[in-house]
Amino acid sequence: MKEHLTDLLFNAVRQLTDEINKSQIIIERPKLIEHGDFSTNIALVLSKTLKKQPRDIAQLILDYLPEASHFNKIEIAGAGFLNFFLSALSHQTIINKVIKEKDGYGGSQNGKSQKIQIEFVSANPTGPLHVGHGRGAAIGDSIARLFEFSGWEVTREFYYNDAGAQIDNLMRSVKAHCLNIKPDHKDFPEDGYRGNYIADIAKEYLAKTSIKCADNKIKASGDINDEESIRIFSIAYLRNEQDQDLEAFQTNFDIYTLESDLYKNNKVNFVVDTLIKEGHTYEKDGALWLKTTNFGDDKDRVMKKSDGDFTYFVPDIAYHLDKWTRGFIKVINEQGADHHSTISRVRAGLQGLNKNIPKDWPEYVLHQMITVMKDGVEVKISKRAGSYVTLKDLIDEVGCDATRYFLAARRADSQLIFDIDLAKSRNNDNPVYYIQYAHARVEGVLNQWEGDRNTLYINAPHPFETQAEKKLIKRISEFPEVVVQATNELAPHQITNFLKDCAADLHSYYNDSKFLVDDELTKKARLALIYATQCVIKNGLALLGITAPKKM
RNA sequence: CUGCCCGUAGCUCAAUCGGAUAGAGCACCAGCCUUCUAAGCUGGGGGUUACAGGUUCGAUUCCUGUCGGGCAGGCCA
């Protein structure tokens, strides 16, 4: 429809000037239904080159536009906008299309089955998942669902930093507990983790418990002096716990990659050797440096410390080379904003490998920090201090649907205040119920009708007259465009906004009209409209990983 | 000090490559259930879009500066 309108306008405008290309024709969706289903500002844009009043240009374009059955009215409004109003035939086409495509409505094959990899959460196995990881999970998984819906072949991936200094801290913290040294004791590791969960791990370790981790089963030796065993058990314990939390959050991963494997498989060494060979490194102060300044960084970075260990971003480069080698033309990393300094280093390292990797690959979505409020005061999130808002707590108290909704409902790049009391409330304050309620309400009506939903096509143009009907039809017709934009901008919050608006339109219509009326044609037309709306809401909720209940 | 993100109604947030009267929810006020789910609807009050300039037919959006908040800037991760 939009493309068709663009063509019509392009042909009309070409009668006025040659200095125009198709990309300049912009079709918008007006916010107000009074401004029609589509509008264009092309007359305003052309006013300078044509040296005419915008409204006069709009009239000329209007004169050159052919008769079209899609619209029953085209008008000039405001400063020179052209507004298009859909005809009954178009309304019929839209509603029937939704009902025909059902679960597929809004999706596309734009991705052409190309491979995309989305890495998200990627929490260190040093503690339970907290609300920040939840934000990453909600946003990352929704982005994955958006790309799937748009015809991409998506791989969801979780990267475990199971090597390095923070794992030593974990091991020493657990060991301290095994030796009955508590966090307030002077001998407790200074950089140790102080949460209660550390005591739990120690207890299980001493009890020689077995833990399921990925495909393996890890049995604790219970030997206090076996640091390797403590380390392996602690990681397995926390990974297992994280896996359970993610499952409860309706978030599943296709692949888990371990940092330790990158070392084992010599992928880290390969990257280091290549960078040396390509001449992007130098030695200074007993350390090996990477010339990241060659690629836009403001200073060079240490790759290999004087004690022989690599710095954290080196395995990161190896990991991303691995992603590239696996054939992902598009890679998106969803992380907390505190990781933003790694972007330039990873990209610089990849450039230095001389593998023709694009400069802006991989892409990043960084979400800002979350402030958690409870009873009107801020809850500090600190792993080491032990004060902790876990994702599991939220899911238990608020439910998966509401948690996912709240964490995905806002632009990633703005700081977010998560009000536990609000999210917990199972009443009208909670927008997720508002949307789900719209879905359930339609289900109620369709059940009372008792007809066969597969016969709910509109067979002849039906005059939808009321504002509520026109708004609703316009709304559901916009859904595919919203999906495209949310996908392109990696912005699932646009889906939550859309759903809120769509639910509001449905509720208005519900109060405005009766559906189960005597006149057969009117009844079927109205039922078809709300059924189509229900499909849209269901598809939208699915993109967010939220259930669409039939009864509430 | 330097870089990145943010600043919109009392609160939490939107706003379609720059568009029409800056929109929702919560809170507040007034109405709507013997008829399909009132977890709903209708109406009302509430704004110098942090501030000051600039670009243009038009700026919440782009540019410059100031102020305020967050995050980074370790041979920490």
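Predicted model only: the values in this text are computed from it and were never measured.
- The side chain of M552(A) approaches A39(B) more closely than any other nucleotide in the set G70(B), A39(B), C13(B).
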Do any N or O atoms of the protein come closer than 3.5 Å to N or O atoms of nucleotides 75-77 of chain B, and which pairs are they?
residue, atom, partner, partner atom, Å
C75(B), O2, S306(A), N, 2.8
C75(B), O2, S306(A), OG, 2.7
C75(B), N3, S306(A), OG, 3.3
C75(B), N4, D285(A), O, 2.7
C76(B), OP2, K305(A), NZ, 3.2
A77(B), O3', Q166(A), OE1, 3.2
A77(B), O2', N124(A), ND2, 3.3
A77(B), N6, Y312(A), OH, 2.9

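- Remark: Y405(A) OH to I546(A) CD1 distance equals 7.5 Å, nearest 0.5 Å.
- Distance from the side chain of K299(A) is smallest to G73(B) among U37(B), U12(B), G73(B).
- Closest approach to the H507(A) side chain among U12(B), A20(B), G40(B) is made by G40(B) (side chain taken as heavy atoms from C-beta onward).
- The base of G3(B) is not paired with the side chain of D298(A) by any donor and acceptor separated by under 3.5 Å.
- Side-chain nitrogen and oxygen atoms of R410(A) include none within less than 4.0 Å of the OP1 or OP2 phosphate oxygen of U12(B).
- Which of U37(B), C57(B), C41(B) sits closest to the side chain of R441(A) comes down to U37(B).
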Could you go through nucleotides 44-46 of chain B and list every protein N or O atom that sits under 3.5 Å from one of its N or O atoms, giving the distance for each pair?
none

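- Across every strand in view, C67(B) sits in a pair with G7(B) that passes the Watson-Crick or G-U test at under 3.5 angstrom.
- Proximity note for Y433(A) (side chain, C-beta onward) versus U37(B), A39(B), G19(B): the nearest is A39(B).
- Aromatic stacking is marked for H35(A) over A20(B), as both cut-offs hold: 5.5 Å for the centres and 30° for the planes.
- Atom NZ of K474(A) has more than 12 neighbouring heavy atoms from other residues, nucleotides or ligands inside a 6.0 Å radius.
- The ring pair (Phe, Tyr, Trp, His ring centres under 6.0 Å) search around F85(A) returns none, not counting sequence neighbours.
- If you check C5(B), C36(B), U37(B) against the side chain of D413(A), the one that comes closest is C5(B).
- Classified by its glycosidic torsion, C11(B) falls in the anti category, the angle being over 90° from 0.
- A 3.5 Å limit on both hydrogen-bonding distances identifies A72(B) as the Watson-Crick or G-U partner of U2(B).
- Interface remark: the E28(A) side chain does not form any donor-acceptor pair with the G19(B) base, using a distance-only criterion of under 3.5 Å.
- Between Q448(A) and U37(B), a side-chain N or O to OP1/OP2 separation shorter than 4.0 Å is present.
- Here C71(B) is the nucleotide among G40(B), C71(B), A20(B) with the atom lying nearest to any side-chain atom of M369(A).
- Of the candidates G19(B), C6(B), C4(B), G19(B) carries the atom nearest the F81(A) side chain, counting heavy atoms from C-beta on.
- Set against C36(B), C41(B), A20(B), the side chain of Y510(A) has C36(B) as its closest nucleotide.
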Any protein N or O atoms within reach of nucleotides 28-31 of chain B? Criterion: under 3.5 Å, listing atom names and distances.
none

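- Of the listed nucleotides (U16(B), A15(B), G40(B)), A15(B) has the atom at the smallest distance from the side chain of Q494(A).
- Taking 4.0 angstrom as the limit, H493(A) places none of its side-chain polar atoms (N or O) nearer than this to OP1 or OP2 of A24(B).
- Across the strands present, C41(B) finds its partner in G31(B); the criterion is a Watson-Crick or G-U wobble pair with both atom distances under 3.5 angstrom.
- Partners of H280(A) under the ring pair (Phe, Tyr, Trp, His ring centres under 6.0 Å) rule, at least two apart in sequence or in another chain, are F295(A).
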Result block: side-chain N/O donor-acceptor pairs under 3.5 angstrom for residues 38-52 of chain A, not counting sequence neighbours:
residue, atom, partner, partner atom, Å
T40(A), OG1, I26(A), O, 3.0
T40(A), OG1, I42(A), N, 3.2
T49(A), OG1, L46(A), O, 3.1

